[in-house]
Amino acid sequence: MLVIIFYLILGIFTLAIAVQVVSENMLKSKKDCYRGSVMVIVPIREVDPNIAENIISLKNQSYPNYDLIYIADIDDKDTLEVLKKYEVHVILSENLCKECSGKIRAMLTGLHNSDSDAVVFADSDVYYPPNWLEKLVCPLSFRKISTTYAWPYPLEWSWSNIIRSSIWLLGFEPSFLIPLVWGGSVAMRREFITNDLEDRLKHRLCDDCVFTSYAREIRERVQFVIDAMPVNYFDERDLHNWAGRQVAYTINYYKDMIILFLISFIIYSSGIILGIFLLNPFFIFFPLLWTLKNSIRGRKLYPKSLIISALSSLLFFSVLYYIIESRRQKTIKWRGNEYEKENI
């Protein structure tokens with residue numbers, strides 16, 4: 001009986017992975033793309049390790065009709081010096097809200113200083129391939145908002161970086177069912193940005209969460225574009241705080257994603273445990289299939305992405321620890337600022 005249950009779990013897991021891989025690869029930019037004017041807005045606070053690659057990549061996009069602005073704080077002298085060196089257009093962040101995060105304050109500043117037909121938000125610690133913008137805005141010909149997710153690329157091999165990569169990769173999981181907006185790569189038509197949306201941003205810390213919840217509320221489908229995937233460089237020095245912040249956002253805004261994770265966790269762990277108990281060598285297919293799925297996503301970044309994919313399948317269980325641990329956190333630290341968790 002246990003053997004039958006084991007093969008049933010393995011079959012369900014294999015089918016789910018297959019459907020997911022096929023569905024994700026259908027989420028590519030299509031013909032008849034959007035061609036209107038675009039403003040790329042990059043909030044920045046402190047100098048990221050790969051700032052040069054970030055600026056150069058954003059200045060050299062293949063999309064013909066776009067402008068680029070960085071939004072920085074007036075007291076962030078080092079960042080302003082770097083931006084001046086690379087001759088990018090800089091606007092100083094305005095105090096447009098008191099209860100929001102510094103990033104949202106910068107985003108709102110950018111919105112108020114642009115008159116393009118569409119707006120794109122990008123992050124300062126990400127490398128964007130030359131066709132990123134062209135592919136990301138393509139669906140705006142038939143959608144009001146589109147997004148993609150970055151591949152994690154640690155600058156150093158460390159325990160913190162490996163665990164962060166494992167947690168980060170979970171962000172891909174709901175992309176073909178219930179796409180979540182990622183604020184580091186999101187495009188939206190001007191009509192999506194209403195006064196109501198701006199007012200919500202002014203009272204929250206998490207921009208991704210506000211965009212996603214607002215799109216759901218007005219029943220506007222978020223178009224996920226897998227082939228616009230950029231690369232997120234990082235060297236995590238405060239894993240506990242970073243992981244706690246991500247989990248807190250997810251619990252507050254994406255309860256369906258927590259349910260999806262728990263279902264996946266139960267199937268994944270029970271399959272491995274039952275396979276080991278039965279001394280069935282096929283238990284190895286659970287981490288192998290998980291590795292295969294992620295390696296297909298990151299195939300353009302071999303061989304490092306293959307290593308990250310393999311390690312993520314072994315560290316799947318670490319996420320459960322941070323889900324439990326995050327419940328004890330009262331505040332969230334982000335880019336040198338501390339915020340009350342209740343204001344997420």
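Only this structure's heavy atoms are used, side chains among them; waters, hydrogens and symmetry mates stay out.
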* Same cluster (ILVMFWY, side-chain, under 4.5 Å), Ile9 and Ile4 ->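 No; tracing contacts between hydrophobic side chains, which count when under 4.5 Å, never links both residues.
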* Check: Ser295 side chain, Leu306 main-chain N or O, donor-acceptor pair, under 3.5 Å ->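 Absent.
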* Nearest atoms (heavy-atom pairs only) where Pro152 meets Ile308 ->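 Distance-wise, the nearest heavy atoms are O-CD1, 3.3 Å.
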* **Arg189 and Glu220 ion-paired at < 4.0 Å** =>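 Answer for the salt bridge query: no.
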* **Near-ring test Trp168/Tyr149, centroid separation under 6.0 angstrom** =>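 Yes - the distance between ring centres of Tyr149 and Trp168 falls below the 6.0 Å cut-off.
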* **Reported CE-to-CZ distance for the pair Met229 and Phe224, which is rounded to 0.5 angstrom** =>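 These two atoms lie 8.5 Å from each other.
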* Asked: Looking just at side-chain N and O atoms, do Thr109 and Glu94 make a donor-acceptor pair shorter than 3.5 Å?
  ->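 Absent: no donor and acceptor within the cut-off.
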* Run the side-chain contact (heavy atoms from CB on, under 4.5 Å) check on Phe172 and Ile226 step by step: do they pass? -> CA-CA 9 Å; Phe172 281 103; Ile226 191 71; 4.1 Å; yes
* Asked: Between the main-chain N or O of Ala118 and the side-chain N or O of Ser116, is there a donor-acceptor pair closer than 3.5 Å?
  ->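 Yes.
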* Just say parallel, tilted or perpendicular for the rings of Tyr233 and Tyr153, cut-offs at 30° and 60°. =>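 Aromatic pair Tyr233/Tyr153 classed perpendicular.
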* Does Arg164 make a cation-pi contact with Phe234 (under 6.0 Å, within 45 degrees of the axis)? ->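 Output yes; distance and angle both within limits.
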* Asked: Can you tell me how far CG of Leu180 sits from OG1 of Thr212, rounded to the nearest 0.5 angstrom?
  ->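 Spacing of OG1 (Thr212) from CG (Leu180) equals 5.5 Å.
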* For Ile267, does its backbone N or O pair with a side-chain atom of Ser270 as donor and acceptor, under 3.5 Å? ->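 Answer holds: yes.
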* From OG (Ser160) to CG (Asp238), nearest 0.5 Å ->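 Reported to 0.5 Å precision, the distance equals 8.5 Å.
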* Is there a donor-acceptor pair under 3.5 Å between the side chain of Ser62 and the backbone N or O of Pro130? ->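 Yes, Ser62 side chain to Pro130 backbone: donor-acceptor pair under 3.5 Å.
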* Asked: Do Asp67 side-chain atoms and Met39 backbone N/O form a donor-acceptor pair below 3.5 Å?
  ->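 No: the side chain of Asp67 does not pair with the backbone of Met39.
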* Starting at CG of Asn294, measure out to OG of Ser312 and round the result to the nearest 0.5 Å. =>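 Rounded to the nearest 0.5 Å, the CG-OG separation comes to 4.5 Å.
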* Using modelled atom types only, decide if a donor and an acceptor are shared between the side chain of Tyr128 and the backbone of Asn131 within a distance under 3.5 Å. =>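 It does not hold such a pair.
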* Asked: Among the clusters formed by ILVMFWY side chains lying less than 4.5 Å apart, do Tyr268 and Ile263 turn up in the same one?
  ->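 Yes: a chain of side-chain contacts under 4.5 Å links Tyr268 to Ile263.
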* Test side-chain contact (heavy atoms from CB on, under 4.5 Å) on Leu205 and Ile104 and set out the steps. => CA-CA 7 Å; Leu205 305 180; Ile104 288 181; 5.7 Å; no
* Donor + acceptor pair across side chains of Tyr7, Asn280 (<3.5 Å) ->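 Judged by distance alone, the side chains do pair up.
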* To do: For residues Leu201 and Leu108, report the shortest heavy-atom separation together with the two atoms involved.
  =>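 Here Leu201 and Leu108 meet closest at CD1-CD2, 4.1 Å.
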* salt_bridge(Asp123, Lys103) N-O dist < 4.0 Å ->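 The answer is yes: the pair qualifies as a salt bridge.
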* Asked: Are the side chain of Gln61 and the backbone of Leu133 linked by a donor-acceptor contact shorter than 3.5 Å?
  ->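 Side chain of Gln61 to backbone of Leu133, a donor-acceptor pair under 3.5 Å: yes, one is there.
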* To do: Work out which heavy atom in Trp290 is nearest to a heavy atom in Ile17; give both atom names and the distance.
  =>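 Result for this residue pair: CE3-CD1, 4.4 Å.
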* To do: Run the ring-centre check on Phe282 versus Phe6 and record whether the distance is less than 6.0 Å.
  =>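 Phe282 vs Phe6: aromatic centres not under 6.0 Å.
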* **Salt-bridge contact Arg45-Asp75 (side-chain N to carboxylate O under 4.0 Å)** =>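 Yes, charged N to carboxylate O under 4.0 Å.
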* To do: Give the minimum heavy-atom separation between Leu197 and Val210, together with the two atoms involved.
  =>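 Result for this residue pair: CD1-CG1, 3.8 Å.
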* Thr194 vs Tyr214, side-chain hydrogen bond (donor to acceptor under 3.5 Å, both in side chains): CA-CA, chis, key distance, verdict -> CA-CA 10 Å; Thr194 62; Tyr214 181 70; 2.7 Å; yes
* **Check: Lys84 and Val90 side chains under 4.5 Å, non-hydrogen atoms** =>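 A side-chain contact is absent here, since even the closest heavy-atom pair is not under 4.5 Å.
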* **Atom pair CG (Leu58) and OG (Ser124), whose distance is rounded to the nearest 0.5 Å** =>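 These two atoms lie 9.5 Å from each other.
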* Asked: Do Arg190 and Asp117 pass the salt bridge (charged side-chain N to carboxylate O under 4.0 Å, His left out) test, and can you show the C-alpha distance, the side-chain angles, and the key distance before you say yes or no?
  -> CA-CA 6 Å; Arg190 182 63 66 171; Asp117 297 326; over 6 Å; no
* To do: Using the rule that two of Ile, Leu, Val, Met, Phe, Trp, Tyr join whenever any of their side-chain heavy atoms come within less than 4.5 Å, decide whether Val181 and Ile218 are in one cluster.
  =>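 Yes, same cluster.
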* Asked: Of the non-hydrogen atoms in Val119 and Ser114, which two are nearest, and what is the gap between them?
  ->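 Nearest pair, atom of Val119 first, then Ser114: CG2-OG, 4.1 Å.
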* **side-chain contact (heavy atoms from CB on, under 4.5 Å) evaluation trace for Leu289 with Thr14** => CA-CA 7 Å; Leu289 287 170; Thr14 303; 3.4 Å; yes
* So, do Arg35 and Glu134 sit near enough that their side-chain heavy atoms are less than 4.5 Å apart? ->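 Yes - at least one pair of side-chain heavy atoms lies under 4.5 Å apart.
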* Asked: Measuring from Tyr86:OH to Lys59:NZ, what's the distance to the nearest 0.5 Å?
  ->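 Tyr86 atom OH to Lys59 atom NZ measures 9.5 Å (nearest 0.5 Å).
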* Determine, using the 4.5 Å side-chain heavy-atom cutoff (strictly less than), whether Leu288 and Ile307 are members of one ILVMFWY cluster. =>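 Shared cluster, yes.
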* Co-membership, hydrophobic cluster, residues Trp157 and Trp159, 4.5 Å side-chain ->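 Yes, Trp157 connects to Trp159 through the hydrophobic network.
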* Is there a donor-acceptor contact under 3.5 Å linking the side chains of Trp151 and Ser305? ->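 There is no such pair between these side chains.
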* Start with the C-alpha distance between Trp132 and Ser185, add both sets of side-chain angles, then the distance that settles side-chain contact (heavy atoms from CB on, under 4.5 Å), and finish with yes or no. => CA-CA 9 Å; Trp132 162 76; Ser185 187; 2.7 Å; yes
* Donor-acceptor contact present, side-chain Arg105 to main-chain Cys97, <3.5 Å ->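 Between the backbone of Cys97 and the side chain of Arg105 there is a qualifying donor-acceptor contact (under 3.5 Å).
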* Just by modelled atom types, is the Ala72 backbone N or O under 3.5 Å from a matching donor or acceptor in the Asp76 side chain? ->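 No, because the side chain of Asp76 does not come within donor-acceptor range (under 3.5 Å) of the backbone of Ala72.
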* Should Asn232 and Tyr127 be marked as a side-chain hydrogen bond (donor to acceptor under 3.5 Å, both in side chains) after you check the CA-CA gap, both sets of side-chain angles, and the distance that decides it? -> CA-CA 6 Å; Asn232 176 227; Tyr127 166 79; over 6 Å; no
* Under 4.5 Å between any side-chain heavy atoms of Ile41 and Val120, yes or no? ->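 Sidechains of Val120 and Ile41: no contact.
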* Asked: Can Arg237 and Asp235 be counted as an ion pair, charged N to O under 4.0 angstrom?
  ->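 Salt bridge flag = yes for Asp235 with Arg237.
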* Check the surroundings of atom CD in Glu191: do more than 12 heavy atoms from other residues, nucleotides or ligands lie under 6.0 Å from it? =>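 Above 12, so yes.
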* To do: Count the heavy atoms belonging to other residues, nucleotides or ligands that lie under 6.0 Å from CG of Asp199, then report whether that count exceeds 12.
  =>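 More than 12 heavy atoms, drawn from other residues, nucleotides or ligands, come within 6.0 Å of this atom.
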* Asked: Mind checking whether Val225 and Cys138 have side chains closer than 4.5 Å, heavy atoms only?
  ->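 Not in contact.
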* Does any N or O in the side chain of Lys77 come within less than 3.5 Å of the main-chain N or O of Ile74, such that one atom is a donor and the other an acceptor? ->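 At least one qualifying donor-acceptor pair exists.
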* Asked: Is it true that Phe13 and Phe286 have ring centroids separated by less than 6.0 Å?
  ->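 Close enough - the centres of the two rings lie under 6.0 Å apart.
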* Identify the heavy atoms of Ser141 and Cys33 that sit nearest to each other, and give their distance. =>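 The answer is CB-C, 3.9 Å.
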